[in-house]
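Keep in mind that this is a model prediction, so the values were computed, not measured. A, B, ... follow the sequence lines: proteins, then strands. Residue 1 opens every chain.
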Amino acid sequence: METVYSFLLSQSLRRFSVLRFHSAVAAALEYQHQHHPLSNPNSTAPNAHQEKTIISLTKSCTHKTQLLQLQTHLLRNFHFYNPTVFLSFLSRIAFPPLHDLSYSYKIFCQFPAPNVLLYNTMIRAHSLRNDVAKNGVLLYQEMLHSGISPNALTSMYATKCCIKFGSLFSGIQIHARILKDGHQSDSLLLTTLMDFYSSMEKGSEAHKVFDEISHRDTVAWNVLISCFMRNRRTRDILGLFDAMRNSNECQPDEVTCLFVLQACANLNALEFGERVHKYIEEHDFHNMRNVCNSLIVMYSRCGCVEKAYDVFKGMVNRDVVTWSAMISGLASNGYGRDAIEAFKEMQRAGIVPDDQTFTGVLSACSHSGLVNEGGMFFKAMKRDFGVVPNIHHYGCMVDILGRAGLVDEAYDLVISMPIKPDAAMWRTLLGACRIHRHVILGERVIEHLIELKAQEAGDYVLLLNIYSSVGNWEKVIEVRKLMKDKGIQTTPASSTIELKGRVHEFVADDVFHPRKKEIYDKLDEINQQLRIAGYVVEITSELHNVEENSKQYALSYHSEKLAIAFGVLATPPGTTIRVAKDLRIFVDCHNFAKILSAVYNRKVVIRDRNRFHHFQDGFCSCNDYW
DNA sequence: ATAGGGTTAG
């Protein structure tokens with residue numbers, strides 16, 4: 001018995017780990033209990049036939065009890081510590097479905113001289129779960145301490161542990177070790193390393209690693225694209241798609257298309273989205289349901305719901321995601337009634353709606369001012385479909401009531417609902433207060449936002465607009481002073497327009513665009529034309545920048561106006577002008593677009609933070625402003 | 001001689 005102890009203890013000391021020391025003691029005691037004399041572990045290696053049998057036996061075990069029995073048997077025959085057998089056994093325990101990490105660690109500690117293979121197995125098993133990923137990193141460090149050199153797989157598994165654990169420092173250490181060990185030419189390892197930097201929001205580091213990969217395949221490109229997606233570098237993704245197509249190493253696959261379509265949806269880049277659609281058809285990805293669902297979303301988010309519907313019609317197997325995407329697309333583009341029809345048709349098709357379907361249905365009601373229907377669906381979703389309203393559903397209801405002028409009812413709903421309201425909820429209500437010039441409630445909502453410590457410049461601007469809309473200039477001055485004292489800065493709004501697959505971005509009084517002179521001249525010309533048609537700049541009701549006075553406001557060039565002017569300038573007559581704005585559209589610009597659509601005979605589609613505004617022949621599809 | 005890399009479909 002002394003031998004057992006001293007052997008295991010010396011092992012554990014040599015391998016530098018207090019944890020391991022305790023495990024080793026426990027293990028030694030267990031063997032004492034089993035009356036098992038541990039002699040030289042490898043004294044009787046199984047022959048080739050035995051080994052094969054043992055491994056297949058190990059693989060056939062589905063429960064831990066079976067494996068325990070097998071372990072006892074193998075120990076008795078001195079076969080357990082055969083490296084191959086032990087590895088097979090450990091893998092079985094450490095990976096799903098059993099995935100018993102504490103037990104696998106226990107038996108791992110019992111192995112006299114773990115090699116790199118065993119460590120890899122252990123580290124990989126730890127990289128699969130968030131809660132133990134940290135131990136994977138520790139195992140890696142322990143391995144280095146005991147003088148075993150890692151191979152490319154070790155570094156990869158350890159990197160994955162760092163991703164799960166979220167440790168930038170450990171990951172950088174691994175990166176250094178990769179370079180030291182000369183594994184920097186392993187493209188699969190570097191792909192994982194890219195993903196690591198990406199998940200740590202170190203985009204430029206990820207890009208550097210990408211540049212160092214000698215043979216970049218589709219996966220490497222996709223990881224870079226997902227990195228740009230995370231870091232909101234959406235516009236660069238379009239460039240990457242082209243670069244990928246022009247490279248002779250690899251071509252975009254359906255995963256690439258999913259990313260790029262999402263980028264197009266965010267950027268309002270319809271032309272580019274259509275090109276991706278063409279690519280999808282050329283490569284037979286259009287039979288994939290997730291790709292089609294993404295196409296529906298892309299077309300809807302680009303204000304082109306007809307094309308979204310074309311894709312929808314062409315699909316054979318529509319699931320709940322397909323229907324929900326279509327319903328939301330119809331809703332956000334102002335086709336509330338059609339969205340509700342689609343919902344009914346979905347039920348006829350036997351597809352069961354879920355929570356996100358109802359978000360779409362309720363937003364249809366809010367976008368089309370269907371107050372009664374909204375209330376009806378809100379009641380029915382829980383009663384008839386067992387979908388418990390979440391914060392988005394309550395948000396829609398607040399929006400429906402608020403827009404309809406029932407701001408007090410909306411407030412009561414927020415107060416009485418079983419979910420804690422978030423900042424977005426209060427902002428919805430604040431927006432309703434602004435539309436209906438509800439000063440008292442507006443002040444109260446601001447208090448709630450301050451309480452949440454979530455108030456933004458935009459919230460104060462809304463409050464300012466509420467005060468100015470009722471002519472309370474004293475309060476306007478007061479809020480402006482408050483904002484100045486608090487040092488609250490308004491972020492400049494930006495508008496984008498796509499032209500020949502390129503996205504152009506404008507801020508108010510933009511000076512960056514290469515064709516700015518032409519654009520400003522065009523905008524002046526448009527303003528002149530629109531004034532003849534009765535367009536008056538609305539000064540009093542909309543203030544967007546605390547620094548500005550009314551005179552400057554009247555003369556300022558809003559980002560959406562610049563984008564529209566660029567559209568008029570650079571596209572042939574009759575072309576639809578599609579603009580996306582990251583904040584709410586201004587009332588003044590809304591009027592501007594409305595009159596422009598008649599005077600210049602152009603359809604104008606503006607997507608702002610909340611919804612689409614389709615302008616045609618002097619009218620707008622939305623019911624916000626009139 | 002190891003279950004080498006990446007996915008947001010609403």
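- Residues of residues 308-323 of chain A having a heavy atom closer than 4.0 Å to DNA chain B, listed by number: A/D319, A/V320, A/V321.
- Of the candidate nucleotides B/dG5, B/dT8, B/dT2, B/dT2 has the atom nearest to the side chain of A/N151.
- A salt bridge links A/D399 and A/R611; the closest N-O separation between the charged side-chain nitrogens and carboxylate oxygens is under 4.0 Å.
- Spacing between atom CH2 of A/W221 and atom P of B/dG5 amounts to 22 Å, rounded to whole angstrom units.
- What separates CG of A/L188 from P of B/dA3 is a distance of 16 Å, to the nearest Å.
- Distance CG (A/L87) to P (B/dA3): 7 Å, rounded to an integer number of Å.
- Heavy-atom distances under 4.0 Å link DNA chain B to A/M156, A/K160 of residues 155-179 of chain A, given in residue order.
- Ion pairing between A/R275 and A/D242 holds under the 4.0 Å rule for side-chain N and carboxylate O.
- Going from atom CG of A/L295 over to atom C1' of B/dT8 covers 15 Å, rounded to whole Å.
- Under the 30°/60° scheme for interplanar angles, the aromatic rings of A/F228 and A/H207 are found to be tilted.
- For A/E281 and A/K278, the salt-bridge test fails: no basic side-chain N is under 4.0 Å from an acidic carboxylate O.
- Within 4.0 Å (heavy atoms only), A/V297 reaches sugar-phosphate atoms of the nucleic acid but no base atom.
- At the heavy-atom level, A/R289 lies under 4.0 Å from base atoms of the strands shown.
- In this pair, A/F385 and A/F343 present their aromatic rings perpendicular. The plane angle is above 60°, beyond the 30 to 60° band.
- Within 4.0 Å of A/S91, counting heavy atoms only, lies at least one base atom of the nucleic acid.
- In this structure, A/F111 and A/F86 have tilted ring planes: the angle between them lies in the 30° to 60° band.
- The residue A/N120 sits close to a base: some heavy atom pair falls under 4.0 Å.
- Within a 6.0 Å radius of CD in A/E201, no more than 12 heavy atoms belonging to other residues, nucleotides or ligands are found.
- Straight-line distance from the CE atom of A/M194 to the P atom of B/dT7: 11 Å, rounded to whole Å.
- Judged by distance alone, with hydrogens and angles left aside, A/N290 brings no side-chain donor or acceptor close enough to the base of B/dT8 to form a pair under 3.5 Å.
- You'll find that the side chain of A/F259 is closest to B/dT7, out of B/dA9, B/dT7, B/dG4.
- With hydrogens and angles ignored, no donor-acceptor pair under 3.5 angstrom links the side chain of A/T192 to the base of B/dG5.
- Among the nucleotides B/dG5, B/dT7, B/dT2, the one closest to the side chain of A/L153 is B/dT2.
- Nucleic acid contact class of A/D186 (heavy atoms, under 4.0 Å, all strands): base.
- Ranking B/dG5, B/dG10, B/dG4 by closeness to the A/T191 side chain, first place goes to B/dG5.
- Between the CD1 atom of A/I148 and the P atom of B/dA1 there is a distance of 18 Å, given to the nearest Å.
- Remark: the A/N151 side chain and the A/D181 side chain contain no N/O donor-acceptor pair separated by less than 3.5 Å.
- Protein atom CG of A/L128 is 10 Å distant from nucleotide atom P of B/dG5, rounded to whole Å.
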Should A/I237 and A/M229 be marked as a side chain to side chain contact (heavy atoms under 4.5 Å, CB included) after you check the CA-CA gap, both sets of side-chain angles, and the distance that decides it?
CA-CA 8 Å; A/I237 292 175; A/M229 208 85 207; 3.4 Å; yes
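- Each of B/dG4, B/dG10, B/dG5 was ranked by its minimum atom distance to the side chain of A/A220; first place goes to B/dG5.
- In the set B/dG6, B/dG10, B/dA9, the nucleotide with an atom closest to the side chain of A/V219 is B/dG6.
- Ring orientation note: the planes of A/F312 and A/Y309 are close to parallel, at an angle under 30° on the 30°/60° scale.
- In this structure A/H286 satisfies the ring pair (Phe, Tyr, Trp, His ring centres under 6.0 Å) test with no other residue, sequence neighbours excluded.
- Residue A/D355 is out of contact with every strand shown, counting any heavy-atom pair closer than 4.0 Å.
- Taking atom CG of residue A/D354 and atom C1' of nucleotide B/dG10, one finds them 8 Å apart after rounding to whole Å.
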